[in-house]
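Shown next, in structure tokens, is the structure this report addresses.
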Number of protein chains: 2
Amino acid sequence: MKIGQVSKKTDLSVQTIRYYETQNLIKSAGRTDGNFRVYDSKVIEQLEFIKHCRHLDLSLSDIKRINELRDNPNAVCEEVNELINDQVKMVKIKMKELRHLKTQLEALTDSCSNNQKVGDCGIIKSLQECDC
Amino acid sequence: MKIGQVSKKTDLSVQTIRYYETQNLIKSAGRTDGNFRVYDSKVIEQLEFIKHCRHLDLSLSDIKRINELRDNPNAVCEEVNELINDQVKMVKIKMKELRHLKTQLEALTDSCSNNQKVGDCGIIKSLQECDC
DNA sequence: CTTGACTCTATAGTGGCTATAGATATTAAA
DNA sequence: TTTAATATCTATAGCCACTATAGAGTCAAG
């Protein structure tokens, strides 16, 4: 299989697949005479795994670490667990920030009745006053 | 006032202040004989405004646009309003994504009882199965 | 006159890609 | 067989909003 086919099967761009290779997340099985990457079907699974993890917003280095642990089945599960828990914590923090953000932004839109002149714009006035 | 003092007053790093200059968000009043930037107090307000907008996660180019509109008080307020509304939309989308993320991550942690071997790790097994 | 704190410019790094240029390889149609 | 279209290769730059560094110059106090 060449990279274009892998790309179609996984719905990842060709560049992304090559990028994952530079980051040592995957390897091609080898090269053709013309220096094209050749893959076996195993890579599809690997890329789906990566996709799934990225979907969970895990960093590529986290994913790399999980892969290392996967390759060593006697390793202790705890590290993976911590990694996921840290991710949950991060997500909670981000959600809190976004809730705050949303409140502030919605307060702003309330202070604007459309088609005023900027000189009278409540939004801009609010932005000038600091409430942090 | 030199840049270090501005930095202290605004709690922005010296590099950030210089960066904002490269992005045409602020200007220094001039330079000393020794080529040090000189600022008047006006810049403090400007930087606080920028800080406030960044706090709302507005992009620097959005902030630049708002500044342009501020300098032209006869402009119509609508554009500022749209800009903020777009920001609210983005925040809502991000929140939705994060909620989804959190659900998935928490489901994962439930599938791990600590200190197992990786070979038996529920998290890793779940990551291998695709539920997208 | 030296020391130390400050400032300057220019450049590289962050993360996770995306996009481009320019060269080579392969495939299909004419 | 030629040619044109498509696929692939490497290397590099760009995105965003900074942060960090190197190496040089400036300035004030002791």
Side-chain angles (χ1 to χ4, degrees), chain A residues 1-39 43 46-67 83 86-87 90-91 94 97 101, chain B residues 1-39 43 46-67 83 86-87 90-91 94 97 101:
Chain A
M1 225 187 328
K2 278 183 288 183
I3 201 166
Q5 225 183 323
V6 175
S7 167
K8 266 177 204 150
K9 285 202 185 182
T10 57
D11 218 23
L12 290 166
S13 77
V14 166
Q15 295 102 302
T16 298
I17 296 169
R18 283 198 284 245
Y19 176 67
Y20 287 166
E21 188 183 305
T22 69
Q23 303 305 298
N24 299 309
L25 284 165
I26 54 163
K27 270 186 200 165
S28 67
R31 299 282 181 130
T32 65
D33 290 348
N35 200 33
F36 287 7
R37 288 171 182 81
V38 178
Y39 296 96
V43 87
Q46 292 172 340
L47 288 171
E48 293 295 346
F49 185 82
I50 295 169
K51 268 178 74 178
H52 198 170
C53 291
R54 287 293 301 133
H55 214 111
L56 299 172
D57 224 15
L58 294 170
S59 70
L60 293 187
S61 69
D62 280 351
I63 298 172
K64 207 175 152 194
R65 184 73 188 125
I66 295 176
N67 274 334
L83 212 143
D86 287 351
Q87 192 67 8
M90 288 234 335
V91 169
K94 275 195 208 165
E97 285 170 0
L101 208 54
Chain B
M1 225 186 333
K2 278 182 290 183
I3 200 165
Q5 226 182 323
V6 175
S7 166
K8 265 178 204 149
K9 285 200 185 183
T10 58
D11 219 23
L12 291 166
S13 77
V14 166
Q15 295 103 301
T16 298
I17 296 168
R18 285 198 283 245
Y19 176 67
Y20 287 165
E21 189 183 304
T22 69
Q23 303 305 298
N24 298 310
L25 285 164
I26 54 163
K27 269 186 200 166
S28 66
R31 299 281 180 129
T32 65
D33 289 349
N35 200 32
F36 287 8
R37 286 171 182 82
V38 179
Y39 295 96
V43 86
Q46 293 173 339
L47 288 171
E48 292 297 344
F49 185 82
I50 295 169
K51 269 177 72 179
H52 197 171
C53 291
R54 288 292 301 134
H55 213 111
L56 299 172
D57 226 14
L58 294 170
S59 69
L60 293 188
S61 70
D62 280 351
I63 298 172
K64 207 175 152 192
R65 184 73 190 125
I66 295 177
N67 274 335
L83 212 144
D86 287 351
Q87 191 68 6
M90 288 235 336
V91 168
K94 274 195 208 165
E97 285 170 0
L101 207 55

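Because the structure is predicted, anything quoted here is derived from the model rather than measured. Per chain, numbering begins at 1; letters A, B, ... match sequence-line order.
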**Nearest-angstrom distance from the residue atom CZ of B:R31 to P of C:dT7** = 12 Å
**Fill in**
Minimal heavy-atom distance between A:L83 and A:R65, with the atoms involved, is CD1-CG, 4.4 Å
**Message:** Does B:S13 reach a base, just sugar-phosphate, or nothing at all? Heavy atoms under 4.0 Å.
**Reply:** sugar-phosphate
**Request:** Calculate the interatomic distance between B:L47 atom CG and D:dA17 atom C1'; express it in whole Å.
**Result:** 15 Å
**Fill in**
Taken to the nearest whole Å, CG/A:L12 to P/C:dG16 is 14 Å
**Request:** Grab the CG-P distance between A:D33 and C:dT27 for me, whole Å please.
**Result:** 11 Å
**Candidate nucleotides C:dT7, D:dC18, C:dT26, ranked by approach to the side chain of A:F36 - the nearest** = C:dT26
**Message:** From NZ of B:K2 over to P of D:dG25, roughly how many Å is that when rounded to an integer?
**Reply:** 18 Å
**Message:** On DNA chain D, does the nearest nucleotide to B:S59 precede the nearest nucleotide to A:I3 from the 5' side, or the other way round? Give the residue.
**Reply:** A:I3
**Message:** On a heavy-atom basis, which atom in B:I63 and which in B:L58 lie closest, and how many Å separate them?
**Reply:** CD1-O, 3.9 Å
**Asked** Rounded to the nearest 0.5 Å, how far apart are NE2 of A:H52 and CG of A:L56?
**Response** 5.0 Å
**Message:** Using whole Å, what does the distance between atom C1' of nucleotide C:dG15 and atom CD1 of A:I63 come to?
**Reply:** 12 Å
**Request:** Return the minimal non-hydrogen interatomic distance between B:T10 and B:K51, and the atom names on each side.
**Result:** O-NZ, 2.7 Å
**5′-ward residue of the pair A:S61/B:Y39 relative to DNA chain C** = B:Y39
**Message:** In whole Å, I'd like the distance from the CD atom of B:Q15 to the P atom of C:dT9.
**Reply:** 13 Å
**Prompt:** Would you say C:dT18 has OP1 or OP2 under 4.0 Å from some side-chain N or O of A:T16?
**Reply:** yes
**Request:** Tell me what B:R18 touches on the nucleic acid: a base, only sugar-phosphate, or nothing, going by heavy atoms under 4.0 Å.
**Result:** base
**Request:** Let me know, please, whether B:L58 or A:R37 comes out on the 5' side of the other along DNA chain D by nearest nucleotide.
**Result:** A:R37
**Asked** Would you say a side-chain N or O of B:Y20 is under 4.0 Å from OP1 or OP2 of D:dC18?
**Response** yes
**Asked** What are the two closest non-hydrogen atoms of A:Y39 and A:K2, and how far apart are they?
**Response** CD1-C, 4.3 Å
**Length of the line joining B:L56:CG and D:dA17:C1', which is rounded to integer Å** = 16 Å
